[in-house]
Asks: 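Starting off with a structure, shown below.
In this text, all values refer to a predicted model and were calculated from it rather than measured experimentally.
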Amino acid sequence: MQYNNKQMLFNLFLDKWQQQFEKAPYIINHVLSYPDVIARLKDFVPLDIEGLHEAQLEWISLLEQLENPIETEFFKDYWIPIQKDGYDFFIDISSDKFQIFKAHYFFFAPYRWYKEYIIDDVVDFLSSIDNKEFNLKEYLLHHENESWVKVKRLFQERKDMGFDKK
């Protein structure tokens with residue numbers, strides 16, 4: 001895709017999401033200022049915030065090229081990739097919760113993508129993290145466990161549909 005087409009898509013994105021998108025770097029920087037958060041995220045290398053606009057431009061242009069319904073229905077333009085050299089970790093700017101999550105692929109039929117929430121409400125998280133009674137390890141483990149519950153449901157759905165014998 002030519003750069004001017006990418007820029008046109010990015011401008012359309014900004015027409016709808018600019019106000020929320022401008023908040024993303026501050027939120028990302030604040031969350032990632034806690035080394036314990038980064039240390040708990042496996043395979044995560046944070047994106048340089050200076051490259052956020054270019055990363056979003058590339059993300060939006062990639063979405064435009066997707067054709068598989070599994071991907072076109074799951075991935076959204078209002079997700080901001082926050083990982084360097086990858087599309088695993090995102091911040092969702094479509095709500096005031098600014099959820100941070102990891103995208104996973106369920107690679108058994110029926111194939112699909114699903115989210116593992118790292119932080120389900122950034123404002124709540126940031127107002128709690130400095131509280132001495134807040135347990136970051138427990139918070140992150142809770143979300144990881146919720147993700148495993150989703151995976152178990154996907155396997156059960158697979159079984160109910162008769163795919164487990166294939």
Side-chain angles (χ1 to χ4, degrees), residues 6 10 13-14 16-63 66 70-108 111-158:
K6 292 179 181 183
F10 185 69
F13 163 79
L14 288 178
K16 186 170 184 181
W17 299 106
Q18 184 165 3
Q19 184 177 9
Q20 294 90 328
F21 183 66
E22 288 176 355
K23 294 177 184 177
Y26 302 106
I27 293 168
I28 295 165
N29 276 336
H30 197 89
V31 169
L32 299 182
S33 70
Y34 293 92
D36 292 345
V37 172
I38 294 175
R40 296 281 304 161
L41 302 178
K42 298 174 184 106
D43 304 322
F44 178 72
V45 178
L47 175 72
D48 178 11
I49 296 302
E50 300 299 319
L52 192 64
H53 277 76
E54 191 65 27
Q56 187 64 14
L57 179 139
E58 292 299 331
W59 171 246
I60 292 168
S61 65
L62 173 65
L63 291 179
L66 297 177
I70 295 170
E71 295 168 339
T72 58
E73 291 173 18
F74 180 75
F75 292 106
K76 307 297 179 200
D77 66 342
Y78 49 79
W79 295 356
I80 313 299
I82 60 171
Q83 179 183 11
K84 182 178 182 176
D85 300 327
Y87 296 117
D88 295 319
F89 292 89
F90 297 89
I91 183 169
D92 181 342
I93 63 170
S94 68
S95 80
D96 291 339
K97 291 185 176 194
F98 290 93
Q99 297 170 316
I100 297 176
F101 63 92
K102 184 175 184 180
H104 292 282
Y105 186 67
F106 186 73
F107 49 88
F108 298 101
Y111 308 104
R112 68 190 67 204
W113 288 89
Y114 66 96
K115 297 177 189 177
E116 174 187 348
Y117 288 99
I118 309 300
I119 299 173
D120 57 0
D121 186 330
V122 166
V123 174
D124 184 48
F125 176 80
L126 292 174
S127 65
S128 300
I129 195 165
D130 289 327
N131 183 331
K132 291 181 184 198
E133 299 195 15
F134 180 77
N135 185 327
L136 177 62
K137 184 177 179 180
E138 187 177 298
Y139 178 90
L140 295 174
L141 186 60
H142 168 76
H143 289 298
E144 187 177 319
N145 289 338
E146 283 182 342
S147 182
W148 282 113
V149 168
K150 286 180 190 176
V151 171
K152 288 177 184 177
R153 271 191 244 130
L154 292 174
F155 275 110
Q156 184 60 48
E157 181 180 330
R158 172 183 159 71

Asks: Going from OH on Y87 to CG on L63, what distance comes out if it is rounded to the nearest 0.5 angstrom?
Replies: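 With rounding to 0.5 Å, OH (Y87) is 8.5 Å from CG (L63).
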Asks: Return the CH2 to CG distance between W17 and D77, rounded to the nearest 0.5 Å.
Replies: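 Nearest 0.5 Å value for the CH2-CG distance: 7.0 Å.
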Asks: Looking only at non-hydrogen atoms, find the nearest pair between K84 and P46 and report the distance.
Replies: CB-O, 3.6 Å
Asks: Test ring-ring contact (aromatic ring centres under 6.0 Å, His included) on F75 and W59 and set out the steps.
Replies: CA-CA 10 Å; F75 292 106; W59 171 246; 5.6 Å; yes
Asks: Measuring from F44:CZ to I38:CD1, what's the distance to the nearest 0.5 Å?
Replies: 6.0 Å
Asks: Specify the closest pair of heavy atoms between P81 and G86, including all atoms of both residues, with the distance to one decimal.
Replies: CB-O, 4.3 Å
Asks: I'd like to check the side chain to side chain contact (heavy atoms under 4.5 Å, CB included) partners of I27; sequence neighbours left out, ordered by chain and number.
Replies: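 Counting only residues at least two positions away or on another chain, I27 forms a side chain to side chain contact (heavy atoms under 4.5 Å, CB included) with K23, V31, I91, F98, V122.
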Asks: Which residue pairs pass the salt bridge (Lys or Arg N to Asp or Glu O under 4.0 Å) test when at least one of the two sits in residues 146-157, sequence neighbours left out?
Replies: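 Found R112-E157.
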Asks: Roughly how far, to the nearest 0.5 Å, is CG of N135 from OG of S128?
Replies: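 If I round to the nearest 0.5 Å, the distance is 12.0 Å.
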Asks: Name the residue from F89, W113, F90 that meets the ring-ring contact (aromatic ring centres under 6.0 Å, His included) definition with F101.
Replies: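 Of all the options given, the one that passes is F90.
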Asks: Determine whether V151 and H104 satisfy the following criterion, side chain to side chain contact (heavy atoms under 4.5 Å, CB included), listing intermediate values before the conclusion.
Replies: CA-CA 10 Å; V151 171; H104 292 282; over 6 Å; no
Asks: Any side-chain heavy atom of F74 sitting closer than 4.5 Å to one from Y105?
Replies: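 Side chain of F74 against side chain of Y105, heavy atoms only: no contact under 4.5 Å found.
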Asks: Please identify each residue that fulfils side chain to side chain contact (heavy atoms under 4.5 Å, CB included) with L47, with sequence neighbours left out.
Replies: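 Per chain and number, L47 pairs via side chain to side chain contact (heavy atoms under 4.5 Å, CB included) with L52, A55.
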Asks: Quick one: CD on Q20 to OG on S95, what's the gap to the nearest 0.5 Å?
Replies: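 The OG atom of S95 is 9.5 Å from CD of Q20, to the nearest 0.5 Å.
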Asks: K97 and Y117: side chain to side chain contact (heavy atoms under 4.5 Å, CB included), yes or no, with the steps?
Replies: CA-CA 12 Å; K97 291 185 176 194; Y117 288 99; over 6 Å; no
Asks: Heavy atoms only: give me the nearest L66-E71 pair and the separation to one decimal.
Replies: CD2-OE1, 3.6 Å
Asks: Could you walk me through whether H143 and Y139 pass the ring-ring contact (aromatic ring centres under 6.0 Å, His included) check?
Replies: CA-CA 7 Å; H143 289 298; Y139 178 90; 4.7 Å; yes
Asks: Could you tell me whether the side chain of E116 and the main chain of W148 form a donor-acceptor pair under 3.5 Å?
Replies: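 No.
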Asks: Do Q56 and I60 have side-chain heavy atoms sitting under 4.5 Å apart?
Replies: yes
Asks: Would you call the rings of F134 and F125 parallel, tilted or perpendicular, taking 30° and 60° as the class edges?
Replies: perpendicular
Asks: For H53 together with F10, are the ring centres under 6.0 Å from each other?
Replies: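 Yes - the distance between ring centres of F10 and H53 falls below the 6.0 Å cut-off.
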Asks: Is D96 atom CG crowded by more than 12 heavy atoms from other residues, nucleotides or ligands, each under 6.0 Å away?
Replies: no
Asks: Parallel, tilted or perpendicular, judged at 30° and 60°: which one describes the rings of F106 and Y114?
Replies: perpendicular
Asks: Hey, what do you get for CD1 (I119) to CG (L41), rounding to the nearest 0.5 Å?
Replies: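 With rounding to 0.5 Å, CD1 (I119) is 7.5 Å from CG (L41).
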Asks: Hey, what's the ring geometry for F13 with F21, parallel, tilted or perpendicular (30° and 60° as the breaks)?
Replies: perpendicular
